[in-house]
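Notes to accompany the following structure.
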Amino acid sequence: MKIAVVAANGRAAQKIVAEALNRGIAVTAFGRGAENKTAAADYVQKDIMDLTKEDLTGFDAVVDGFGAWVEEALPMHVTTSQRLCDLLSGTDTRLLIVGGAGSLYVNPEHTAVVADGPDFPEEFKPLANAQAQELAALRQRNDVKWTFISPAGDFQADGERSGKYILAGEELTLNAKGESIISYADYAIAMVDEIEKGAHIQQRISVVREG
């Protein structure tokens, strides 16, 4: 199996690269910066918006690790993932997106999301909205084999690698301890499992650490 990871120097993306390599998957990392912060031996310095169809030809899957935090850059969540969709349109190459938890539903009717809750931090609402818009745009793409993977609410960059997670769907799911938590390392396990299985095409799924 051969995959590409774009925006690969992000911390979640680095974990995904390492997890894939540990399983013997061939990884090409693409990053905007000159420095390769990943464990991949194959690194291409190229911004997402400069990628071409040829750059992504021959891969079984492409992982989009893009993340923006400052408000003026938040619309790039939609712009970059749609760019990748355009490049992969009509191909068998799967596109897996590192998503967010704010758009997970909190009721069976799917009319309310995590970001609507009174306890959701105000400073994270713009990011949650941007990633919700990204997911909405993906749902319009029937020409791409995309999968949007939302982490748990508490997404811990330096959390331990437990090796255990619960695979869930569109609704916020708590573990046996009543927690919505997962480390970047465990999220990477879930991501690479999905890369290998390809079981949720054109779906959003979510993951939480097993309690």
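Within the 4.5 Å cutoff, no side-chain heavy atoms of I182 are placed close to those of D154. Using a 4.5 Å heavy-atom threshold, the side chains of N175 and E210 count as separate. Within the 4.5 Å cutoff, side-chain heavy atoms of L88 are placed close to those of V62. Within the 4.5 Å cutoff, the side chain of E134 has heavy atoms near those of the F148 side chain. The closest side-chain heavy-atom distance from D186 to K164 is not below 4.5 Å.
Under the 3.5 Å distance criterion, the side-chain polar atoms of R204 are matched with a main-chain donor or acceptor of S103.
The hydrophobic cluster containing V192 also contains Y165, counting ILVMFWY residues as joined when their side-chain heavy atoms lie under 4.5 angstrom apart, directly or transitively.
Salt-bridge formation is detected for the pair D193/R23: a Lys NZ or Arg NE/NH1/NH2 atom is positioned less than 4.0 Å from an Asp or Glu carboxylate oxygen.
Checking H200 against E194 by side-chain atom types alone, a donor-acceptor pair falls below 3.5 Å.
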Under the side chain to side chain contact (heavy atoms under 4.5 Å, CB included) rule, what do Q131 and I97 come out as? Steps first, then yes or no, please. CA-CA 10 Å; Q131 292 188 300; I97 309 283; over 6 Å; no
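Enclosure of atom CZ in R32 is not indicated, since only 12 or fewer non-hydrogen atoms of other residues, nucleotides or ligands lie within 6.0 angstrom.
Hydrophobic cluster membership for V113: Y105 (Ile, Leu, Val, Met, Phe, Trp, Tyr linked by side-chain heavy atoms under 4.5 Å, directly or transitively).
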